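Working notes for the structure below.
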Protein chains: 2
Amino acid sequence: MANMKTTLSSESKSIDIDSSGPLTMIGEKINPTGRKRLVAALKEGSLDYVVDLAIRQVDDGADVLDINVGVPGIDEVKAMRDVIRAVASAVDIPLCIDSPNHESIAAGLEASPGRALVNSVNGEESSLSVILPLVKQYDAAVIGLTLDEGGVPETAHARFEVARKIIDRADSYGIPLENIVIDPLVLTVGADSSAARVTLETIALLTAEYGVNINLGASNVSFGLPDRPVINKAFLAMAMQAGASCAITDVTTMTATIRAADLLRGRDPSGTRYIKHFRATGPDNGK
Amino acid sequence: MANMKTTLSSESKSIDIDSSGPLTMIGEKINPTGRKRLVAALKEGSLDYVVDLAIRQVDDGADVLDINVGVPGIDEVKAMRDVIRAVASAVDIPLCIDSPNHESIAAGLEASPGRALVNSVNGEESSLSVILPLVKQYDAAVIGLTLDEGGVPETAHARFEVARKIIDRADSYGIPLENIVIDPLVLTVGADSSAARVTLETIALLTAEYGVNINLGASNVSFGLPDRPVINKAFLAMAMQAGASCAITDVTTMTATIRAADLLRGRDPSGTRYIKHFRATGPDNGK
């Protein structure tokens with residue numbers, strides 16, 4: 001399988017999500033869900049705290065930053081534009097524009113200085129027909145979620161078919177496979193003990209058929225269960241073994257496991273990245 | 001792929017190493033390498049400490065106990081017999097007879113009350129021709145290491161071929177595939193960054209071709225590197241994703257990750273085993 005590279009860029013730097021390389025880490029913290037201080041900052045239009053979250057995640061090893069400004073009652077289009085500009089002035093890494101609202105995505109793409117990653121399109125007609133033209137117009141890359149009008153399919157084969165639909169439709173807009181990153185979604189194993197297995201199987205199917213880059217949001221999997229970090233870390237290592245090339249994750253807590261798994265996948269010659277992270281942070285100690 | 005069950009037994013209990021079930025944990029601590037107190041106990045012929053190590057590992061979740069009494073200068077055959085008898089009187093789980101010496105293995109098999117696991121045979125003629133007849137004679141199961149006269153092969157395909165040789169030879173002695181557990185060996189990634197990748201590929205090849213049970217000794221992989229637990233845990237999760245069904249491991253430190261990975265593989269309906277372990281031990285915290 002040839003390696004697949006999804007190239008993203010900031011003002012002056014480009015990075016590749018690389019199906020044969022180390023995992024690309026997308027910092028998840030600029031997202032108001034469950035973050036009261038960020039909600040308050042976004043309501044006030046105060047950007048200092050957002051910029052602080054950006055800088056800290058870059059210091060902790062983020063390769064890309066997810067930007068989600070979805071707070072009820074604010075002007076999300078304006079907030080997205082303002083936050084993208086502020087973050088892009090403060091840190092020089094690519095951004096991931098995260099919104100269910102296509103106008104916010106358009107504003108984020110307009111404000112991004114380089115090639116951004118759109119989070120996300122899915123297999124619903126209303127999403128495909130609106131998001132993919134924007135992705136094409138701005139020559140962006142896009143995360144494709146394996147869900148459609150019927151929700152998140154229960155089987156790996158059905159999720160694979162949703163991914164195929166997204167890939168085929170993107171192709172019809174002239175968006176090449178290398179600009180697509182499929183997220184096979186993971187639900188919580190606390191509600192359904194086959195939830196992670198189905199996701200891991202979907203990754204394996206997509207990797208075998210398309211070699212396409214694969215993203216995961218890796219913390220839902222443990223929702224409702226005790227000792228969540230041990231589950232999240234095991235899941236990320238297993239997903240990397242199955243073929244994941246990208247994750248939206250808490251870079252503060254997950255980097256040690258990610259560096260270890262890349263070393264074990266043979267994607268960190270001489271263990272340089274693993275040892276560098278250890279020297280910067282000390283032992284992981286399950287934090 | 002049908003599931004493969006390697007049945008082991010103690011005086012009154014049997015367990016299956018099951019290619020479709022949760023990982024079978026073989027407690028590694030009755031092994032004098034690096035354990036001064038055990039060396040002293042074995043030299044003195046004092047069995048209390050050995051029995052204590054056995055009981056503690058069973059309490060921590062071991063399904064099987066590895067028994068290695070290799071201390072220079074002692075009568076290993078007598079020590080193996082004595083330790084097997086003492087441990088089998090104290091705990092009611094199957095044993096894994098671990099020695100490079102066939103006379104010790106024979107003594108261990110003779111002393112074992114149930115069906116033991118022999119650790120190990122390898123692809124060398126001198127090993128195959130001596131160990132396999134003992135395995136057949138005692139109707140035991142055996143771990144086959146993928147090394148031969150040329151050492152440990154560098155590629156996954158070459159390790160697979162050594163496993164094939166062991167499986168074929170065992171067949172010629174009338175030992176069925178379900179009584180064989182292949183250990184594809186893992187060297188340290190500190191010395192060679194492809195070391196773990198080759199092992200993971202070997203697991204995948206063996207799982208696809210034979211569906212045979214796979215064992216790993218999962219702590220060598222991190223030798224010489226800092227923050228070893230994070231590497232060992234990631235490796236075990238990745239190996240379980242690739243198809244490992246059994247590991248010789250430190251059950252005190254690794255059980256949380258193993259229970260999490262089994263939950264994620266869909267092999268712990270309702271998370272019963274994961275939650276039971278959490279309730280017994282509290283959070284993992286990278287210990």
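Since this is a predicted model, take the numbers as computed values, not measurements. So you know, we letter chains A, B, ... as the sequences are listed, proteins then strands, and number each from 1. Quick note: numbers below take in every heavy atom, side chains included, and nothing from hydrogens, waters or symmetry partners.
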Study note, to complete from the structure: If one checks every heavy atom of B:V186 against chain A at 4.5 Å, the contacting part turns out to be neither

Check your understanding: For chain B, which of A:G266, A:S193, A:S194 has the most heavy-atom pairs under 4.5 Å?
Key -> A:S193

Practice item. Heavy-atom distances under 4.5 Å only: say whether A:L236 touches chain B with side chain, backbone, both or neither. Key: neither

**Study point:** Choice from B:P226, B:A239, B:A191, B:A260 maximising heavy atom contacts with chain A below 4.5 Å
**Key:** B:P226

Review point. Side chain, backbone, both or neither: which part of A:F278 has an atom under 4.5 Å from a heavy atom of chain B?
Key: side chain

Review point. Between A:D98 and A:D66, is there a donor-acceptor pair closer than 3.5 Å when you use the side chain of the first and the backbone of the second?
Key: no

Point to revise | Stepwise side-chain contact (heavy atoms from CB on, under 4.5 Å) check, A:I15 with A:I93 | key: CA-CA 8 Å; A:I15 69 119; A:I93 67 173; over 6 Å; no

Revision key, fill the gap. Counting heavy-atom pairs under 4.5 angstrom with chain B, the leader among A:G190, A:P269, A:A204 is A:P269

Exercise for review: Taking atom types as modelled, find out whether B:S222 and B:R228 have a side-chain donor-acceptor pair closer than 3.5 angstrom.
Suggested key: yes

Check your understanding: Taking A:R259 for the side chain and A:H277 for the main chain, is one N or O donor matched with an acceptor at less than 3.5 Å?
Key -> no

Practice item. Could you check B:T24 against B:L8 for side-chain contact (heavy atoms from CB on, under 4.5 Å), going step by step and ending with a plain yes or no? Key: CA-CA 11 Å; B:T24 296; B:L8 307 177; 5.8 Å; no

Check your understanding: Mind checking whether B:P184 and B:L216 have side chains closer than 4.5 Å, heavy atoms only?
Key -> yes

Exercise for review: Using a cut-off of under 4.5 Å on heavy-atom pairs, state which of B:N232, B:I258, B:I231, B:L263 scores highest against chain A.
Suggested key: B:I231

Point to revise | Best-contacting candidate, A:T257, A:D192, A:L200, against chain B by heavy atom pairs under 4.5 angstrom | key: A:L200

